[in-house]
Every structure is written in C-alpha cells, then in structure tokens.
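Worksheet: the structure to be examined is printed underneath.
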Protein chains: 2
Amino acid sequence: MKELIEKYREIGFKLTPQRLAILRFLKGNTSHPTAENIYRQIKEVYPTVSFATVYNTLQALVDRGEVTEVTIDSQKRHFDPYPKPHHHIICIECNKIGDVFKDYSDALKLPKNILKEFKPVRNHINFYGICRECQKIGGIKYGNMSKSRAGCREF
Amino acid sequence: MKELIEKYREIGFKLTPQRLAILRFLKGNTSHPTAENIYRQIKEVYPTVSFATVYNTLQALVDRGEVTEVTIDSQKRHFDPYPKPHHHIICIECNKIGDVFKDYSDALKLPKNILKEFKPVRNHINFYGICRECQKIGGIKYGNMSKSRAGCREF
DNA sequence: TACAAATTTAGAATTATTATTATTTAAAAA
DNA sequence: TTTTTAAATAATAATAATTCTAAATTTGTA
C-alpha cells in the first residue's frame with residue numbers, strides 16, 4: 001500500500017483516510033462499480049463519508065487517468081479501476097459486464113473521410129451478447145432485466 | 001411520408017400528429033439528439049407537446065429497433081435515428097460526434113474465454129480523437145468543453 | 001507548531017427521466 | 001358515419017443520479 005500512497009502524493013493528490021479507503025477498494029478491482037457501489041463499501045469503514053467525497057475522488061482519479069469511465073449505461077456512471085486498456089462485453093439480457101483483454105487496434109483503421117476530420121487517439125469496443133445464465137433461461141424477455149433476473153449478478 | 005405512415009401502422013404503432021412530427025424530425029437525421037433536442041424541435045410545431053410524449057415515442061421506437069441509443073454520454077441519453085449499423089467517433093475536446101460507416105466485424109473475434117461465457121450478438125466501437133477545429137485551437141484544455149468551445153458544434 | 005490550501009460533510013439544488021392520472025384521440029367495429 | 005375502446009397525450013408530481021454550497025476540518029509544508 002505504501003507505493004500507492006507515494007504514487008498519489010507524487011501526482012499532487014492529497015491523501016485523506018476516505019480517499020485511501022476508496023483507493024483500497026478500487027485496487028485490483030475488476031468490477032465496474034457505480035458511485036453508489038463505492039459509497040456503500042466505504043460507508044462500512046467511514047460511516048460519515050458523503051457522496052460528494054466519493055464523486056470528488058472519482059472525478060479526481062478520472063482526471064488523472066487512474067480510473068476510466070465505462071460508457072455502457074445511460075442511467076448512471078460506471079467506473080473502471082482496472083488500469084490496462086481493454087474492451088467490454090455486455091449481456092443484453094441481464095447487463096452483466098465482462099472484460100475483453102485483446103487489442104484490436106491494428107484492425108481498426110478509420111475510413112479516409114473520418115481521418116480528414118479527426119486525429120484518432122484511442123478506441124473502445126462494446127461487444128453485446130448473451131451470457132451463459134441467460135442462454136439457459138432462454139428466450140423469455142423481461143421489461144427491466146437488470147433488477148431481477150436470477151442467476152446473473154448485477155453489473 | 002406516406003410510406004412512413006404505412007410502415008409504422010404495420011408494426012402496431014398508433015400514429016398521432018405528435019409522433020408524426022417526431023418521425024419527420026428523425027427521418028434522415030444524422031445527428032445524435034437528446035430527448036430535449038427533439039422536444040424543442042417538436043414544440044415549434046406543437047407548442048403543447050410534453051416531455052413524456054417525446055420519451056414515450058422514443059422508447060417505443062427503440063423497442064421496435066427503429067432508433068438506437070448511443071452510449072457516449074453519461075449525463076443524458078442520445079438517440080441515433082440512422083437505421084444502418086455504424087460506429088462513432090467522438091472528439092475528446094468538444095464532444096462532437098461523427099458516424100463511422102465501416103463494418104469491422106470480421107476483425108473483432110472474441111477471445112476463447114469470453115466465447116465460453118457469452119454468445120456474441122453485435123458490437124459497437126467508440127473511436128476517440130480530436131476534431132479539426134479542436135486541433136487548430138491546440139492544447140488548451142477547458143473544464144467543460146462541450147458547453148463553450150468555439151468552432152465545434154454541440155453534439 | 002502554525003498556516004494556507006484543499007478536502008470533508010450535510011444538505012440543498014439541479015437535471016434527466018419516469019410515473020400518475022384525468023382527458024383526449026386514433027383506429028377498428030358496428 | 002357513428003360508436004367504441006384501447007392507447008396516447010399533457011400536466012404535473014415523483015424519483016434518482018449527480019453537482020453545488022458553505023461552514024468546519026484536515027493535510028502537507030514552511
């Protein structure tokens with residue numbers, strides 16, 4: 001944990017116990033938590049922690065490139081603490097998210113008309129599919145899956 | 001416009017003047033409007049139109065696969081009325097969105113471990129880059145670009 | 001230790017979206 | 001054409017996620 005502390009001090013990140021708790025929670029985490037997910041966790045250790053602190057810290061981490069934002073959900077922001085670039089696959093039935101560790105950049109040449117307008121920087125792929133649990137359940141469709149579908153974890 | 005009317009009746013879509021106005025606005029539209037963008041437009045023709053109608057109609061169109069949702073913005077939903085599958089490129093400075101009409105599917109083979117867990121259905125790529133106007137402006141960074149940056153349209 | 005700047009908290013405010021309900025209307029039936 | 005009825009509309013309230021505010025506290029440094 002010492003490297004963590006050093007590292008963040010270096011980038012001008014003032015370390016408070018709350019922030020440290022958030023960093024601990026995020027370190028090595030391969031889920032895609034929302035601010036609320038994090039807030040609940042931190043509250044176990046710091047019962048007085050506020051949402052503002054969670055949002056502030058997340059924003060600071062995003063600004064510093066230490067955490068990215070996953071654009072999969074139009075309802076709420078999901079954060080991705082895993083540092084290496086990767087893509088995602090989302091179950092269209094239950095919204096479960098998986099990480100896809102493969103670099104497709106070589107295959108992703110942009111058309112000329114786009115290259116005239118944009119200087120490319122990076123790319124991110126959302127794959128959509130049906131997870132094993134939802135394949136088992138079969139073709140039944142629910143109105144709002146992510147809330148209730150058995151067998152699939154919330155994302 | 002007649003085909004539009006027939007088409008939507010066929011799929012069990014009750015046609016009201018408000019909906020027709022929304023359909024007219026969306027037809028051939030290559031922008032990525034929010035519900036509010038659409039609401040403002042429709043209000044010019046139907047000053048009493050309500051947000052609920054806009055959302056209801058959009059949801060009905062999304063459910064029927066006539067309109068898709070673009071996952072680029074965690075603040076609000078953006079809709080994409082252009083019917084053919086395509087990808088997007090987003091300017092990381094001003095948030096301008098461009099359409100990328102190229103099918104990369106052949107190159108996007110998923111790793112085996114993912115294929116064990118998910119049956120793939122489709123994919124969508126977000127390219128990120130810097131648009132020509134923002135390249136001109138150069139390295140200056142603003143806190144919230146999309147609101148003010150000159151030369152770049154709002155997305 | 002003392003200080004300045006940054007951070008925290010609680011709560012209010014804001015914004016996007018969804019839900020509610022009485023009224024109206026489109027489209028099918030008579 | 002008129003009647004019927006199921007669905008859609010509009011106004012408004014409700015909800016949920018996120019941001020803002022301001023006073024109190026804390027961090028890292030001098």
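Model, not experiment: these values are computed from the prediction. Note that these values count all heavy atoms, side chains included, but never hydrogens, waters or copies made by symmetry.
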Worksheet item: Going by distance alone, is a donor N or O of one side chain under 3.5 Å from an acceptor N or O of the other, for A:N113 and A:E117?
Response: no
Worksheet entry | Atom-pair distance (CD on B:E6; P on C:dA27), nearest Å | 10 Å
Worksheet item: Taking atom P of C:dT15 as reference, at what distance in whole Å does atom OH of B:Y55 sit?
Response: 13 Å
Between the protein and nucleotides 26-28 of chain D, list every N/O to N/O distance that falls short of 3.5 Å.
unit_1, atom_1, unit_2, atom_2, d
D:dT27, O3', A:L15, O, 3.4
D:dT27, O2, A:K14, NZ, 3.0
D:dG28, OP1, A:R9, NE, 2.9
D:dG28, OP1, A:R9, NH2, 3.3
D:dG28, OP1, A:L15, N, 3.3
D:dG28, OP2, A:R9, NH2, 3.4

Worksheet item: When you check the side-chain N and O atoms of B:N37 and B:Q41, is any donor under 3.5 Å from an acceptor?
Response: no
Item to complete: Provide the closest heavy-atom pair for B:K96 versus B:C131 in the form atom of the first, atom of the second, distance.
Response: NZ-SG, 3.5 Å
Fill in: Between P of C:dT24 and OH of B:Y46, the distance in whole Å
17 Å
Practice prompt. Please tell me which of B:Q75 and B:V49 maps to the more 5' nucleotide of DNA chain D, matching each residue to the nucleotide holding its nearest heavy atom.
Written response: B:V49
Worksheet item: Roughly how far, to the nearest 0.5 Å, is the CG atom of B:N56 from the CD atom of B:Q18?
Response: 11.5 Å
Fill in: No-hydrogen, no-angle side-chain donor-acceptor test under 3.5 Å, B:D99 and B:H88
yes
Worksheet item: Start at the 5' end of DNA chain D and walk down; is the nucleotide closest to A:A35 or to B:T48 reached first?
Response: B:T48
Worksheet entry | With A:T48 via side-chain contact (heavy atoms from CB on, under 4.5 Å) - residues at least two apart | none
